Amino acid sequence: QLLSLASNRIAAVPRQIRDMANLTSLSLMGNKVKELPEELGSLAALKHLNLSSNALAALPARLGAMRALTRLDAASNALIALPDSIGDLARLMELELGHNRLAALPPGLARLSALVRLDCRENALSSASEVPAAPSLAELLLGFNRLAALPRALPPALATLDVRDNAIEELDAEPLLALPRLRSLD
């Protein structure tokens, strides 16, 4: 089941959202949501969650309970931190976190082994040490942050790496040479 409440003026999500157990896709994109209820984590069948373009400063701590989630879009919010439980989303393939206020990534992020795309552009990241070394991670977008260096361990399937407009002063070519599929480096 799909529920799209995109582009409205919704400021709050009711706790009764937990009663929509069969929901597989939820879009709250383009609203005025500042906080999400912990009950959102009860949506065990949810595969796609779009929270982009709201005013969220945090995501629910129970986010990791949404084990069926394959795509999470939380771009263009005011996120300053992510719950470590995000690492429990074992099926997550796409994670969109661009245009937020993230200064760091949680250690749990490194556990996302199914990730194919990670977009953390336009945040305040000074380190990317928590980037998952997921075997299928093909697109890693870290441009427009405050990174001083490339992540130490880059996933072997990486085809696109965006690190433009950071604070990188020295480039260690060694990790890049170990990426046989790399097609785009920006």
Side-chain angles (χ1 to χ4, degrees), residues 24-27 29 44-53 56 59 63-77 79-186:
T24 59
S25 183
L26 174 61
S27 178
M29 174 184 78
L46 201 65
K47 293 181 179 179
H48 301 125
L49 179 57
N50 190 337
L51 303 169
S52 66
S53 301
L56 296 168
L59 296 177
L63 181 73
M66 303 169 85
R67 301 281 164 85
L69 208 60
T70 60
R71 185 174 201 289
L72 173 58
D73 188 344
S76 301
N77 275 286
L79 295 175
I80 55 172
L82 297 172
D84 196 50
S85 69
I86 198 167
D88 296 334
L89 301 174
R91 295 183 180 162
L92 194 65
M93 297 173 67
E94 293 182 49
L95 181 54
E96 305 286 337
L97 298 169
H99 305 273
N100 277 291
R101 299 176 187 163
L102 297 171
L105 298 173
L109 196 71
R111 298 191 312 265
L112 296 177
S113 60
L115 210 58
V116 173
R117 175 184 163 87
L118 176 58
D119 185 349
C120 291
R121 288 177 291 187
E122 297 195 37
N123 276 283
L125 298 174
S126 57
S127 169
S129 60
E130 302 304 336
V131 168
S136 53
L137 187 59
E139 198 170 357
L140 180 55
L141 309 173
L142 298 168
F144 304 96
N145 277 288
R146 299 175 184 161
L147 300 178
L150 291 176
R152 287 185 209 112
L154 292 169
L158 208 57
T160 301
L161 176 60
D162 178 359
V163 290
R164 66 187 145 156
D165 285 303
N166 273 287
I168 298 172
E169 292 183 10
E170 258 183 67
L171 183 61
D172 181 4
E174 192 85 20
L176 298 174
L177 295 173
L179 301 173
R181 297 183 182 154
L182 189 64
R183 300 290 177 259
S184 176
L185 175 60
D186 198 357

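Small disclaimer: the values here were computed from a predicted structure and weren't measured.
Not a single side-chain contact (heavy atoms from CB on, under 4.5 Å) links Thr24 to another residue, sequence neighbours left out. With sequence neighbours left out, the salt bridge (charged side-chain N to carboxylate O under 4.0 Å, His left out) criterion links Arg164 to Asp162, Asp186. For Ser25, the side chain to side chain donor-acceptor pair (under 3.5 Å) criterion is met by no residue, not counting sequence neighbours.
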Candidate pair Leu171 and Leu176, rule side-chain contact (heavy atoms from CB on, under 4.5 Å), full reasoning
CA-CA 9 Å; Leu171 183 61; Leu176 298 174; 4.0 Å; yes
Is there a side-chain contact (heavy atoms from CB on, under 4.5 Å) between Leu95 and Leu89 once you walk through the steps?
CA-CA 11 Å; Leu95 181 54; Leu89 301 174; over 6 Å; no
side-chain contact (heavy atoms from CB on, under 4.5 Å) between Arg183 and Thr160, worked out
CA-CA 6 Å; Arg183 300 290 177 259; Thr160 301; 5.9 Å; no
As a quick check of understanding, evaluate side-chain contact (heavy atoms from CB on, under 4.5 Å) for Arg117 and Glu96, giving each step before the final call.
CA-CA 8 Å; Arg117 175 184 163 87; Glu96 305 286 337; 2.5 Å; yes
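We find the OG-CG distance between Ser113 and Leu92 to be 10.0 Å, quoted to the nearest 0.5 Å. Considering CG of Leu63 and CG of Asp84, their distance stands at 11.0 Å, rounded to 0.5 Å. In this structure, CG in Leu125 is found 11.0 Å from CD in Glu130, a value given to the nearest 0.5 Å. The CG atom of Leu105 sits 8.0 Å away from atom CG of Asn123, with the distance rounded to the nearest 0.5 Å. The CG atom of Leu51 sits 11.0 Å away from atom CE of Met29, with the distance rounded to the nearest 0.5 Å. In this structure, CG in Leu72 is found 10.0 Å from OG in Ser52, a value given to the nearest 0.5 Å.
Here the closest heavy-atom approach between residue Ala114 and residue Ser136 is recorded as O-OG, 3.4 Å. Taking both residues in full, the closest heavy atoms of Leu147 and Ala128 are given as CD2-N, 3.7 Å, listed atom of the first, atom of the second, then distance. Across all their heavy atoms, Ala134 and Pro155 have their closest contact at O-CB, 3.3 Å. Taking both residues in full, the closest heavy atoms of Asp165 and Phe144 are given as OD2-CE2, 2.9 Å, listed atom of the first, atom of the second, then distance. Nearest heavy atom pair, residue Cys120 against residue Asn145, reads O-ND2, 3.0 Å. Closest non-hydrogen pair, Ile86 versus Pro106, comes out as CG2-CG, 4.0 Å.
Side-chain atoms of Asp172 come within 3.5 Å of backbone atoms of Glu174 as a donor-acceptor pair (strictly under, hydrogens ignored). A donor-acceptor pair under 3.5 Å is absent between the side-chain atoms of Asp119 and the main chain of Leu97, judged by distance alone. Proximity of a side-chain donor or acceptor of Asn100 to a complementary backbone N or O of Gly98 within less than 3.5 Å is detected.
Residues Leu154 and Leu140 have side chains in contact (heavy-atom distance under 4.5 Å, counting atoms from C-beta outward). Counting only heavy atoms from C-beta outward, the side chains of His48 and Thr70 approach each other to under 4.5 Å. When side chains are defined from C-beta on, Arg181 does not count as touching Leu158, because their heavy atoms never get closer than 4.5 Å.
With Leu137 as the fixed residue, the side-chain contact (heavy atoms from CB on, under 4.5 Å) test singles out one of Leu112, Val116, Leu115: Leu115.
Residue-environment remark: CZ (Arg91) stays at or below the threshold of 12 foreign heavy atoms within 6.0 Å.
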